[in-house]
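Convention: sequence-line order gives letters A, B, ...; per-chain numbering from 1.
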Amino acid sequence: MEHDYKPHEIEQKWQKNWTKSRIFQAEPNERQKFFITIPYPYLNGNLHAGHTRTFTIGDVVARHKRMLGYNVLYPMGFHVTGTPIVGLAELIASRDPQTMDVYEHLHGIPKDILLTLETPENIVDYFKHEAEKAMRMIGYSIDWRRKFTTTDPTYKKFIQWQYIRLAEKNLIVKGSHPLKWCPNDNNPVEDHDILHGEGATIVEYTLIKFRYKDLVFPCATLRPETTYGVTNIWVNPNVDYLKIRVEKNGCEEFWVVSREAFRKLTFTDRKVEYIEDIPAKSLVGIKLTNPITGDIIISLPASFVRPENGSGIVMSVPAHAPFDYLALRDLYDADLHDYGITEDLKEIKLLSLIKVPEFGEFPAKEIVESMGITSQSDKRADEATKIVYRREFHGGILKKITGKYAGCSVSKIKDILTRDLISSDAGELFYELSEPVVCRCGTPCVVNMVKSQWFLNYSDPEWKSKVYKCLSKMRIIPEDYRVEFENKVDWLKDKACARKKGLGTRLPLDKEWLIESLGDSTIYMSYYIIAKFIEKGALSLEQLTLSFFDYILLGKGNNAAVSAETGIESVILEEICSDFTYWYPVDLRSSGKDLVPNHLLFFLFHHVALFGEENWPKALAVNGFVSLEGQKMSKSKGPILTMESAVRDYGADITRMYILSTAEQTQDADWHKTGIESTRKQVDKFYSFAEDVIESGKRGSISSELKQIDRWMLSRIQGYIHKTNIALDSIQTREAIQNSFFLLINDVKWYQRRGGENLLYYVLDNWVRLLTPFIPHICEEIWEAMGHKDPISLVQFPLYNEDLINDGAELCEEIIKDTLDDIEEIIRVTKMIPQKVHLYTAPAWKVSVIKKYICDINLKAYIEAGTFIKTLMVNPELRVFGKEIPKFVQKIDTEFKSGGAERYEIFDGLGLDEQDLLKESASFLETVICCPVEIHSADSPAYDPEKKSRFAEPLRPAIYIEGRNRE
RNA sequence: GCGGGAGUAACCAAGCGGUCAACGGUGAACGACUCAAGAUCGUUUCGCGAAGGCGUUCAUGGGUUCGAAUCCCUUCUCCCGCACCA
């Protein structure tokens with residue numbers, strides 16, 4: 001063992017050693033297996049601090065389980081399908097300045113190599129080597145024989161099998177899908193292509209088709225149920241309206257909409273054609289038919305109607321919509337003869353259709369009146385609308401007027417009603433952006449209905465219910481994420497699963513399309529098992545037939561038939577099959593929390609769809625992100641810290657320990673230079689401790705005679721072993737490092753300070769094993785220096801041994817430490833230089849009061865202080881102290897009632913005299929405070945000039961310090 | 001808007017009904033060692049205190065409780081996701 005800790009030398013040595021000895025190459029055996037996977041990285045850049053956190057968590061769990069005796073498989077592959085790598089190749093080919101800068105300086109790619117990364121293939125080739133190199137440099141215990149890349153022809157065979165089988169189960173369907181669209185670029189827009197409107201979403205409206213003669217007046221609404229309460233419709237006299245021809249599913253209709261609405265409709269799944277302009281004025285005052293009630297209603301003018309929203313025509317529900325009520329009220333006294341309206345609008349009856357506890361019959365009217373809103377241009381009308389809508393949505397029940405829907409809650413009716421409206425041709429669906437979106441090219445975006453897309457049918461209720469079932473049986477770490485997963489399963493809708501651009505596998509049902517890249521990474525954990533055989537050349541591309549995968553993954557068919565069909569030797573086939581049976585299912589999939597609503601969800605969906613329940617995954621874990629000095633990382637724009645550069649600068653062990661100690665579980669971690677620097681010092685301390693212990697040559701053991709401090713150390717280390725194991729089991733890496741490192745190192749310091757040395761070797765022996773999952777290289781080095789031949793990576797992890805827990809020893813140390821702290825506090829406060837310290841143990845009467853109290857409370861569970869005092873006074877020996885007893889009882893009463901009695905019981909059980917304890921420790925106290933210490937009993941103090949002994953209490957000696965003033 | 005989460009001492013960050021003036025780590029100050037520096041070790045780091053104590057704290061304002069950083073409600077602030085993108 002070298003005198004100075006040189007991380008890189010040690011790390012290279014052990015990495016070579018591990019590779020050579022193949023100790024992380026996992027093969028089935030008689031031991032229990034543990035199959036842990038982490039999502040493989042997407043290779044459009046080097047691995048960074050975020051990967052470092054997630055993958056290191058995986059490695060720590062893998063190493064911990066391995067040391068607990070499990071047969072652990074921790075494999076890794078590379079994800080390259082999809083568009084970003086293609087995009088990156090284009091950017092590099094065109095020498096985009098920002099890209100060149102970020103990839104050269106932050107990803108650390110040498111300029112001459114960077115210039116060659118002009119094709120996706122070169123990029124994949126380069127980064128997969130870099131990624132493997134980085135993961136080897138940081139010491140992950142990965143079985144590298146199983147690596148693969150998602151563009152491997154063999155992998156594509158696997159994915160095709162997956163999609164053929166999904167299609168057979170009718171989980172892949174063809175349909176239309178609304179997309180944010182730039183009409184100028186004629187392309188979908190993603191958030192990074194947008195000038196403004198990033199937050200915009202696509203909102204599904206229902207168009208209610210009011211009719212007038214042969215014309216349709218569509219009104220867009222989010223609340224189709226309110227159609228039952230429509231009293232009129234609104235048109236804005238200052239807006240341009242058009243008559244258009246609309247064709248959908250072969251049916252032709254003529255609609256009246258605003259000019260803006262016409263433009264939007266051209267992008268929907270309808271054929272539309274301009275016929276003529278219609279003067280707005282001619283639309284006011286006409287009588288239309290409500291398509292679901294058959295009521296005849298009038299059209300009225302309103303200024304709040306905006307041509308760009310919906311169709312530019314609005315249906316009016318004055319009982320429930322404040323704007324409608326206001327607009328109607330504004331017209332009560334207006335002269336509408338111009339429009340040919342002669343009716344008295346006050347005659348229009350408000351129609352109430354929702355019952356809601358907070359309001360009476362006409363919520364809109366009530367709120368407008370109570371808020372004192374004056375007109376439709378009042379700014380508070382928006383607020384009133386929100387309030388009414390929210391109340392009605394959450395607590396509203398439909399009234400009788402809604403016919404067969406009466407009694408339904410408003411929050412549940414929308415989908416049902418919409419479906420009914422569509423089937424009766426009273427309504428249609430219409431998608432609109434929640435806020436204006438402008439493309440980078442300056443063009444306002446629209447919603448475009450893309451036709452004939454391939455979808456994964458995630459909204460299938462049966463499929464979902466299987467996922468719920470799977471979730472309910474799974475362990476979710478941390479448990480609070482379970483709700484999140486359940487919500488997301490609920491929220492997931494059908495998802496387009498094919499694309500035209502990028503790298504990937506062709507969709508078997510339609511070779512025009514490529515399988516979308518989130519869909520080709522859902523069950524690949526099973527492929528790791530096959531990959532080993534492909535890597536060693538036991539399987540050729542042609543042999544990977546559908547029946548091969550059926551046989552291996554689903555257990556369908558039989559060996560002889562598959563062997564005959566594929567030409568794979570029967571023995572090999574059997575081996576692959578039994579490997580799969582042994583390793584599957586996945587025992588733990590651990591990932592960053594960003595993958596919860598996508599990858600992890602799909603991982604579950606595809607598993608439950610294809611595999612039998614016995615092969616459904618067992619556990620999911622999620623962890624937080626990593627930021628750099630408070631800044632969010634970005635692969636394409638920086639800042640970024642690569643795994644390799646962190647390891648190069650600080651070493652693997654230090655990087656590993658730092659990234660896992662700085663934040664817990666789903667908390668985000670912030671990478672600070674000062675933080676990792678201090679970790680370096682900490683690891684260094686551990687190294688020198690180990691070195692000192694080894695060099696001293698002393699190997700005391702726990703079977704030799706133990707002193708108080710030894711028993712204390714023994715007990716403490718057991719506590720940390722216990723907590724570390726528990727923490728690692730629930731992937732609380734910070735908690736695990738706190739216990740196995742920081743708290744333990746502090747105790748070791750105290751142990752040595754108190755003169756402990758007998759157990760130093762024992763401590764090291766446990767400690768080094770405890771830390772191996774986190775900092776494996778340095779631990780191997782120390783383990784070897786301790787004289788062991790076998791790698792520590794395969795040695796038994798320390799297990800909790802309750803027999804070594806010694807509450808008494810811990811209590812005694814606590815008394816000493818507290819006494820020392822008290823003495824030091826007095827010295828500090830009085831600013832004196834101590835000449836002599838006198839300690840007084842408690843008088844016998846206080847001890848007997850406490851004993852009596854404990855005895856009584858054990859009998860009765862509750863003690864009333866006054867009664868207790870009376871029973872004490874009966875005893876003549878105690879009666880002598882009658883004056884002091886009430887005060888003392890009061891004190892212990894409050895203390896004990898909040899659970900403070902335990903310490904006394906423990907001490908009592910020791911059969912130890914406090915005098916002896918203090919006398920034993922006196923010499924220690926003397927060295928720390930640099931003056932003599934004398935122990936007295938408060939019962940008969942030889943020296944007590946200031947009567948301090950009266951403060952003595954059991955487990956808390958009184959203190960009197962003689963000192964001189966500081967000059 | 002919807003859904004999830006967070007606000008703790010100089011900073012990072014645990015705690016999530018009594019053991020809490022609140023783990024641990026940074027940073028800072030002082031002391032020990034040293035010719036000195038670094039490393040290391042010790043002490044302190046909310047306020048007051050020449051006796052181990054007292055007082056005021058865990059975003060905010062209320063409430064529940066014998067007892068709240070911890071439970072419930074109000075308000076404020078911040079972060080994340082909302083999709084066809086990995």
Side-chain angles (χ1 to χ4, degrees), chain A residues 39 41-44 79-85 87 177-180 188 190-192 199 201-203 386 389-390 434-435 450 453 455-456 458 480-481 483-485 487-488 490-499 502 516-519 521 593-599 601 624-625 630 632 635 661-664 666-670 672 674-675 677-679 681-682 684-685 688 732 734-735 737-739 741-743 745-746 749 752-753 818-819 821-832 894-895 897-900 902-903 928 946 948 951 956-961 963 965-966:
Chain A
Y42 186 76
L43 295 183
N44 62 340
H79 195 205
V80 302
T81 42
T83 51
I85 288 178
H177 184 69
L179 276 182
K180 284 181 214 167
E190 288 160 25
D191 267 357
H192 55 264
T201 51
I202 294 174
V203 185
K386 276 185 192 166
Y389 274 35
R390 199 175 306 154
S434 61
E435 58 181 285
V450 179
Q453 276 248 43
F455 285 91
L456 278 160
Y458 288 130
D480 1 318
Y481 258 68
V483 205
E484 181 77 358
F485 276 107
N487 287 346
K488 295 300 179 200
D490 189 39
W491 153 93
L492 189 65
K493 293 188 195 158
D494 290 357
K495 183 169 165 66
C497 64
R499 292 183 62 89
E516 184 273 328
S517 67
L518 284 172
S521 57
K593 62 185 177 188
D594 50 330
L595 301 189
V596 172
N598 43 71
H599 165 72
L601 217 51
F625 307 127
K632 225 172 154 175
K635 265 190 196 173
S661 65
T662 182
E664 194 73 291
T666 53
Q667 286 278 348
D668 294 343
D670 194 17
H672 271 279
T674 51
E677 295 281 358
S678 90
T679 304
K681 284 184 194 168
Q682 301 286 5
D684 212 19
K685 276 188 228 174
S688 9
Q732 290 171 287
R734 196 194 105 100
E735 169 83 0
I737 291 175
Q738 282 291 322
N739 281 285
F741 194 85
F742 291 103
L743 298 176
I745 202 171
N746 287 344
K749 281 189 214 163
Q752 290 184 295
R753 217 177 144 201
D818 289 350
T819 306
D821 288 346
D822 282 349
I823 295 170
E824 287 186 324
E825 184 175 352
I826 295 168
I827 293 171
R828 195 179 334 114
V829 169
T830 59
K831 299 187 179 69
M832 64 165 68
T894 46
E895 192 184 331
K897 280 193 174 134
S898 52
E902 209 189 326
R903 317 170 67 229
V928 177
E946 291 195 17
K948 294 288 186 193
F951 297 117
R956 189 154 194 258
I959 301 164
Y960 171 58
I961 303 177
N965 289 344
R966 206 160 281 188

Between [X] and [N], does any side-chain N or O lie under 4.0 Å from OP1 or OP2?
| X | N | result |
| --- | --- | --- |
| Lys948(A) | rA51(B) | no |
| Thr674(A) | rU26(B) | no |
| Lys493(A) | rC82(B) | no |
| Arg753(A) | rA32(B) | no |
| Arg956(A) | rG53(B) | yes |
| Lys681(A) | rA39(B) | yes |
| Asn746(A) | rG25(B) | yes |
| Thr81(A) | rA86(B) | no |
| Gln682(A) | rU26(B) | yes |

Roughly, in whole Å, what's the span from [atom1] in [X] to [atom2] in [N]?
| X | N | atom1 | atom2 | value |
| --- | --- | --- | --- | --- |
| Lys831(A) | rG31(B) | NZ | C1' | 16 Å |
| Glu735(A) | rC16(B) | CD | C1' | 14 Å |
| Leu43(A) | rA86(B) | CG | C1' | 12 Å |
| Glu484(A) | rG5(B) | CD | C1' | 9 Å |
| Glu824(A) | rC41(B) | CD | C1' | 13 Å |
| Lys495(A) | rA83(B) | NZ | C1' | 6 Å |
| Asn598(A) | rC80(B) | CG | P | 16 Å |
| Lys180(A) | rC84(B) | NZ | P | 6 Å |

On RNA chain B, nearest-nucleotide positions of Thr83(A) versus Lys749(A): which is more 5'?
->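 Residue closer to the 5' terminus by nearest nucleotide: Lys749(A).
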
With sequence neighbours excluded, what pairs up with Asp594(A) under the side chain to side chain contact (heavy atoms under 4.5 Å, CB included) test?
-> Phe625(A)

Residues passing the side chain to side chain contact (heavy atoms under 4.5 Å, CB included) test with Asn739(A), sequence neighbours excluded, are Tyr720(A), Lys723(A), Thr724(A), Glu735(A), Leu743(A)

Looking at [X] and [Y], would you say the former's side chain and the latter's main chain have a donor-acceptor pair under 3.5 Å?
| X | Y | value |
| --- | --- | --- |
| His177(A) | Asp494(A) | no |
| Glu516(A) | Leu518(A) | yes |
| Lys593(A) | Thr666(A) | yes |

What would the secondary structure line of RNA chain B be in dot-bracket form, counting Watson-Crick and G-U wobble pairs under 3.5 Å, with [ ] for pairs that cross earlier ones and | for pairs with another strand?
-> ((((((((.[[[..)..(.....]]]((((((.......))))))(((....)))...[.[[[..)....]]].])))))))....

Closest nucleotide among rG49(B), rA86(B), rC23(B) to the Arg734(A) side chain | rC23(B)

Can you figure out which of rU44(B), rA51(B), rA86(B) approaches the side chain of Leu518(A) most closely?
-> rA86(B)

Pairwise C1' distance for rU64(B) and rG31(B), with rounding to whole Å |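 Those two atoms are separated by 49 Å.
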
Separation between the P atoms of rG67(B) and rG3(B), rounded to whole Å =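 Going atom to atom, P in each nucleotide, I get 35 Å.
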
Classify the side chain of His672(A) versus the base of rC11(B) as yes if they form a donor-acceptor pair under 3.5 Å and no if they do not.
->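 Between rC11(B) and His672(A), which were checked side chain against base, a qualifying N/O pair under 3.5 Å is absent.
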
